[in-house]
**Q** 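Attaching a single structure in structure tokens format; questions to follow.
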Amino acid sequence: MREPPGRLSAARFLMTWAVTAVAVALLGPLAGLLWAKTAPEVTYLIVQGEPLLADPEGQGPIGVDARFALIALAAGALCGIAAYIAGGRVGHDIALLLGLAMGGVAAAYLAWRTGHMIGLGDFQDKVRDARDGATVTGVADLRAKGVLVFWAVAAVAVYALLELVVRRLPAGDRGKPGVGEADEVGGDEFDLESAPSGGDVDGRER
């Protein structure tokens with residue numbers, strides 16, 4: 001993995017970090033809207049004016065957390081892929097990874113808060129007007145707060161995996177073909193660079 005903070009100015013390093021974090025974080029509210037629209041319904045029982053989960057171990061509450069986790073993992077993976085592609089060969093790995101981690105945590109938090117706010121006013125009105133023993137349908141909310149790190153973990157893991165598998169050229173190689181690179185055949189087994197007159201391809205006289 002390329003580690004070129006020394007090759008980058010401090011300002012450029014911080015800029016890459018900040019832009020990546022902000023770009024990822026801005027996706028959080030969109031993910032929250034998707035979560036709120038796709039999360040299963042959760043039923044609450046009104047007891048002394050307070051909403052309590054009617055079935056804490058039921059499919060509803062578990063499904064809400066699981067749906068959030070899946071959305072966060074998918075979004076994080078896509079962010080990791082996008083950051084890897086955008087990173088090119090210029091050695092932004094550390095700045096990008098820091099941005100993915102920070103932005104992923106922020107995006108997950110914003111997704112949670114945004115999704116929870118969808119329909120919250122109506123839910124509170126129903127709770128306020130309901131009698132004890134009545135049931136109301138609640139809004140999306142997380143019980144397993146640990147899933148808030150899934151976005152960041154997925155983004156960093158996918159980025160690192162791509163770096164390990166794809167193994168882009170090191171930062172010092174800007175992709176310009178050197179002697180023989182443009183015409184190499186079969187993984188540099190043959191070099192079709194024409195030999196200098198009077199010598200073989202190694203430059204030695206015949």
**Q** Report yes if the side chains of L100 and Y84 come closer than 4.5 Å at any heavy-atom pair, otherwise no.
**A** no

**Q** Would you say the side-chain atoms of R143 pair up with the backbone N or O of P61, donor to acceptor, closer than 3.5 Å?
**A** no

**Q** Do Y44 and T135 come within less than 4.5 Å of each other through their side chains, counting heavy atoms only?
**A** no

**Q** Can you find a pair of side-chain heavy atoms, one from R131 and one from I46, that are under 4.5 Å apart?
**A** no

**Q** For residues D65 and A144, report the shortest heavy-atom separation together with the two atoms involved.
**A** OD2-N, 3.1 Å

**Q** Less than 4.5 Å apart, any side-chain heavy atom of F150 and any of I71?
**A** no

**Q** Does P29 have any side chain to side chain contact (heavy atoms under 4.5 Å, CB included) partners at least two apart in sequence or in another chain, and if so, which?
**A** L110, T114

**Q** Taking all non-hydrogen atoms of both residues into account, name the closest pair between G63 and P40 and its distance.
**A** C-CG, 3.7 Å

**Q** As an exercise, state the distance from CG of L34 to CG of L27, rounded to the nearest 0.5 Å.
**A** 12.0 Å

**Q** State, yes or no, whether a side-chain contact exists between V147 and W112 at a heavy-atom distance under 4.5 Å.
**A** no

**Q** Roughly how far, to the nearest 0.5 Å, is the CG atom of L96 from the CZ atom of F13?
**A** 9.0 Å

**Q** If I compare all heavy atoms of G115 with all of A36, which pair ends up nearest, and what's the gap?
**A** O-CB, 3.7 Å

**Q** If every non-hydrogen atom of R67 is compared with every non-hydrogen atom of A39, which pair is closest and at what distance?
**A** NH1-N, 4.1 Å

**Q** Consider only side-chain heavy atoms of I, L, V, M, F, W and Y, link residues closer than 4.5 Å, and tell whether V158 and L70 are in one cluster.
**A** no

**Q** Are L30 and V139 joined in one hydrophobic group, where the rule is that I, L, V, M, F, W and Y side chains link up if heavy atoms are under 4.5 Å apart?
**A** no

**Q** Under 30°, 30 to 60°, or over 60°: which ring-plane class applies to W35 and F68, parallel, tilted or perpendicular?
**A** perpendicular

**Q** Is V24 reachable from I85 through a run of hydrophobic residues whose side-chain heavy atoms are each under 4.5 Å from the next?
**A** yes

**Q** In Å and rounded to the nearest 0.5 Å, what is the CH2 to CG distance from W151 to L73?
**A** 11.0 Å

**Q** Can you tell if the side chain of L45 reaches within under 4.5 Å of the side chain of P51, non-hydrogen atoms only?
**A** no

**Q** Indicate, with yes or no, if M102 and V149 share a hydrophobic cluster defined by side-chain heavy-atom contacts under 4.5 Å among Ile, Leu, Val, Met, Phe, Trp and Tyr.
**A** no

**Q** Heavy-atom distance under 4.5 Å between the side chains of T16 and T20, does that happen here?
**A** yes

**Q** In Å, rounded to the nearest 0.5 Å, how long is the span from CG of L120 to CD of Q124?
**A** 4.0 Å

**Q** Is there a continuous path of hydrophobic side-chain contacts, each under 4.5 Å between heavy atoms, that joins V156 to V166?
**A** yes

**Q** Nearest 0.5 Å, what's the CD-CG distance between E50 and D132?
**A** 10.0 Å

**Q** At what distance, to the nearest 0.5 angstrom, does CD1 of I118 lie from CZ of F123?
**A** 15.0 Å

**Q** Is there a side chain to side chain contact (heavy atoms under 4.5 Å, CB included) between L98 and I94 once you walk through the steps?
**A** CA-CA 6 Å; L98 289 173; I94 300 301; 4.1 Å; yes

**Q** What closest approach, in Å, do V64 and V42 show between heavy atoms, and which atom pair accounts for it?
**A** CG2-CG2, 3.5 Å

